[in-house]
**Student:** 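What follows is a single structure, and I will ask about it in a moment.
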Amino acid sequence: MKKNNTKRNIVLGILFFLPVFFLLMLYPSTHNYDPLEVVDEDVSEIQFFNTTTEAKITLEDHITVLGFLGNDPIKNNIAASNLKELIYDKFKGFKKFQIVLVLPKGAEEGAEALQKEINYYEDMRFWHYVFGEPNDIQNLFRSLKTEEPLGADLSTDHIFIIDKDLKQRGRLDDRNKTEVEKKATAYPLYSYDCIEVSEIKNKMSDDLRILFTEYRQKRKGTFDSSTRRAEDLKSEDE
């Protein structure tokens with residue numbers, strides 16, 4: 001009887017630890033050497049913005065997903081819901097991660113209504129709304145590298161990744177392997193469209209994981225910035 005129990009425990013142990021071991025081997029091989037590129041060096045801080053709480057919200061020293069919801073945020077409920085379900089719920093446990101949504105002063109009630117709609121009762125400690133004057137919002141947006149305009153209502157469906165040093169991250173070359181093989185002209189990815197579920201679920205989620213890996217390696221002293229995604233693609237193109 002004891003022999004059978006021992007065999008069973010060994011089999012269960014193998015079944016449990018084998019997938020974990022496989023993931024540990026696979027994860028470094030795909031992300032450790034391929035940092036997320038800096039696409040803009042000098043993103044503005046949000047020191048001129050207010051919140052509805054006493055908390056002081058800053059971009060520096062945080063890994064931030066930055067968005068602009070405009071005068072009537074409830075109109076952007078689809079984009080906000082996608083952001084919460086596909087990004088916030090996945091990364092809210094990571095150290096120094098936050099989502100910051102920018103709105104003009106006077107949109108506080110709209111932000112509260114949006115919050116109730118996307119899920120008011122969950123842990124939203126790392127989901128922040130900040131409110132500023134239209135000129136300050138436009139200045140913040142102009143400090144970002146983007147091909148998408150800010151709407152007349154001060155909103156956009158596109159969101160941005162900002163690192164701890166106020167640098168915007170993205171992809172200098174967003175071509176896939178097929179496009180590289182066909183020698184298509186390179187194009188960048190500066191922001192991520194919240195309406196496009198596949199873009200948020202696949203590209204943005206993957207890029208955030210790469211950025212968290214970079215900071216983890218920096219803490220351990222094992223980070224190597226010599227290899228970039230654009231360089232890898234270029235080598236495939238040659």
**Student:** With distance as the sole test, does Ser155 use its side chain to make a donor-acceptor pair with the main-chain N or O of Gly151 at under 3.5 Å?
**Tutor:** no

**Student:** Give, for atom CG of Asp153 and atom CG of Asn71, the distance between the pair rounded to the nearest 0.5 Å.
**Tutor:** 6.0 Å

**Student:** Are Val65 and Tyr192 close enough, and set up right, to give a side chain to side chain contact (heavy atoms under 4.5 Å, CB included), and what steps lead you there?
**Tutor:** CA-CA 10 Å; Val65 173; Tyr192 306 81; over 6 Å; no

**Student:** Working to the nearest 0.5 Å, report the span between CG of Leu101 and CZ of Phe131.
**Tutor:** 9.5 Å

**Student:** Donor-acceptor pair, distance only, cut-off 3.5 Å: does the side chain of Glu199 make one with the backbone of Asp193?
**Tutor:** yes

**Student:** Just how far is it from atom NE2 of His62 to atom NZ of Lys96, taken to the nearest 0.5 Å?
**Tutor:** 4.5 Å

**Student:** Between the side chain of Arg169 and the main-chain N/O of Leu36, is any donor-acceptor distance below 3.5 Å?
**Tutor:** yes

**Student:** In terms of side-chain heavy atoms, does Glu112 have a donor or acceptor partner in Tyr129 at a distance below 3.5 Å?
**Tutor:** no

**Student:** Examine Ile57 and Tyr88 and state if one hydrophobic cluster contains both, with Ile, Leu, Val, Met, Phe, Trp and Tyr joined whenever side-chain heavy atoms are less than 4.5 Å apart.
**Tutor:** no

**Student:** Taking all heavy atoms of Ser205 and all of Lys90, pick out the closest pair and write down the distance.
**Tutor:** OG-NZ, 3.0 Å

**Student:** If every non-hydrogen atom of Ile63 is compared with every non-hydrogen atom of Leu211, which pair is closest and at what distance?
**Tutor:** CG2-CD2, 3.8 Å

**Student:** Just so I know, are the side chains of Ile137 and Leu150 near enough to count as touching, which here means a heavy-atom distance under 4.5 Å?
**Tutor:** yes

**Student:** Near Phe48 CZ, under 6.0 Å, is it more than 12 heavy atoms from other residues, nucleotides or ligands?
**Tutor:** no

**Student:** Should Lys218 and Glu214 count as an ion pair when the cut-off is N to O under 4.0 Å?
**Tutor:** yes

**Student:** Side chain to side chain contact (heavy atoms under 4.5 Å, CB included), that's the test. Do Phe94 and Tyr215 meet it? Break it down for me.
**Tutor:** CA-CA 11 Å; Phe94 283 75; Tyr215 277 105; over 6 Å; no

**Student:** What distance separates Ile46 CD1 from Ile162 CD1, expressed to the nearest 0.5 Å?
**Tutor:** 10.5 Å

**Student:** Quick one: do Arg171 and Glu37 make a salt bridge, cutoff under 4.0 Å?
**Tutor:** no

**Student:** Counting distance only, does the side-chain N/O of Asp206 pair as donor-acceptor with the main-chain N or O of Asn202 below 3.5 Å?
**Tutor:** no

**Student:** Using a cut-off of 6.0 Å, state whether more than 12 heavy atoms not belonging to Lys203 lie near its atom NZ.
**Tutor:** yes

**Student:** Looking at every heavy atom in both Pro73 and Ala111, which two are closest together, and how far apart are they?
**Tutor:** CG-N, 3.5 Å

**Student:** Does the side chain of Thr156 pick up a donor-acceptor pair with the side chain of Glu148 at under 3.5 Å?
**Tutor:** no

**Student:** Do you reckon Leu114 sits in the same ILVMFWY cluster as Ile99, going by side-chain contacts under 4.5 Å, direct or chained?
**Tutor:** yes

**Student:** Let me confirm one number: the CG-CD distance from Leu189 to Glu147, rounded to the nearest 0.5 Å.
**Tutor:** 9.0 Å

**Student:** For Asp61, enumerate each residue passing the side-chain contact (heavy atoms from CB on, under 4.5 Å) test, keeping only those at least two apart in sequence or located in another chain.
**Tutor:** none

**Student:** What are the two closest non-hydrogen atoms of Pro104 and Leu154, and how far apart are they?
**Tutor:** CB-CD1, 4.0 Å

**Student:** NZ of Lys201: more than 12 outside heavy atoms within 6.0 angstrom?
**Tutor:** no

**Student:** Less than 4.0 angstrom from a charged side-chain N to a carboxylate O is my criterion; do Asp165 and Lys167 meet it?
**Tutor:** no

**Student:** Identify the two heavy atoms, one from Phe160 and one from Gln168, that lie closest to each other, and give their separation to 0.1 Å.
**Tutor:** CD2-NE2, 3.6 Å

**Student:** Report yes or no: does Ser143 contribute a side-chain atom to a donor-acceptor pair with the main-chain N or O of Val43 at less than 3.5 Å?
**Tutor:** no

**Student:** Assess whether side chain to side chain contact (heavy atoms under 4.5 Å, CB included) is satisfied between His128 and Thr51, documenting all intermediate values.
**Tutor:** CA-CA 8 Å; His128 308 296; Thr51 68; 5.9 Å; no

**Student:** Please check this pair: side chain of Asn76 against backbone of Ala79, looking for a donor-acceptor N/O pair closer than 3.5 Å.
**Tutor:** no

**Student:** Can you name the closest pair of heavy atoms from Gly70 and Ala107 and give their distance?
**Tutor:** O-CB, 4.1 Å

**Student:** Do the side chains of Asp89 and Lys84 get nearer than 4.5 Å, heavy atoms only?
**Tutor:** yes

**Student:** Is there a donor-acceptor contact under 3.5 Å linking the side chains of Trp127 and Gln98?
**Tutor:** no

**Student:** Taking Tyr190 as the starting point, is it possible to reach Leu140 by hopping between hydrophobic residues whose side chains are less than 4.5 Å apart?
**Tutor:** no

**Student:** Taking the six-membered ring for Trp, are Phe141 and Phe68 ring centroids under 6.0 Å apart?
**Tutor:** yes

**Student:** Should we say atom CD1 of Ile195 is surrounded by more than 12 heavy atoms from elsewhere, each under 6.0 Å from it?
**Tutor:** yes

**Student:** Can you get from Phe126 to Leu83 by hopping between Ile, Leu, Val, Met, Phe, Trp and Tyr side chains that sit under 4.5 Å apart?
**Tutor:** yes

**Student:** Any link between Met124 and Ile87 through a network of hydrophobic side chains (Ile, Leu, Val, Met, Phe, Trp, Tyr) touching at under 4.5 Å?
**Tutor:** yes

**Student:** Just say parallel, tilted or perpendicular for the rings of Phe91 and Phe97, cut-offs at 30° and 60°.
**Tutor:** tilted

**Student:** For the pair Ile159 and Ile200, evaluate side chain to side chain contact (heavy atoms under 4.5 Å, CB included) and give the outcome as yes or no after the intermediate values.
**Tutor:** CA-CA 10 Å; Ile159 52 179; Ile200 297 300; 4.0 Å; yes

**Student:** Checking the side chain of Thr64 only, and the main-chain atoms of Leu66 only, is there a donor and an acceptor separated by less than 3.5 Å?
**Tutor:** no

**Student:** Is the shortest side-chain N to carboxylate O distance from Asp123 to Lys92 below 4.0 Å?
**Tutor:** no

**Student:** With sequence neighbours excluded, what pairs up with Thr52 under the side-chain hydrogen bond (donor to acceptor under 3.5 Å, both in side chains) test?
**Tutor:** none

**Student:** Taking side-chain contact (heavy atoms from CB on, under 4.5 Å) as the definition, give me every residue that meets it alongside Leu166, ordered by chain and number, with sequence neighbours left out.
**Tutor:** Glu45, Leu59, Glu60

**Student:** Surrounding NZ of Lys75 (heavy atoms of other residues, nucleotides or ligands, distance under 6.0 Å), is the total greater than 12?
**Tutor:** no

**Student:** Just wondering, do Asp207 and Ile161 contact through their side chains at under 4.5 Å, heavy atoms?
**Tutor:** yes

**Student:** Are the side chain of Asp157 and the backbone N or O of Cys194 linked by a donor-acceptor pair below 3.5 Å?
**Tutor:** no

**Student:** Going from NE2 on His158 to OG1 on Thr146, what distance comes out if it is rounded to the nearest 0.5 angstrom?
**Tutor:** 7.0 Å

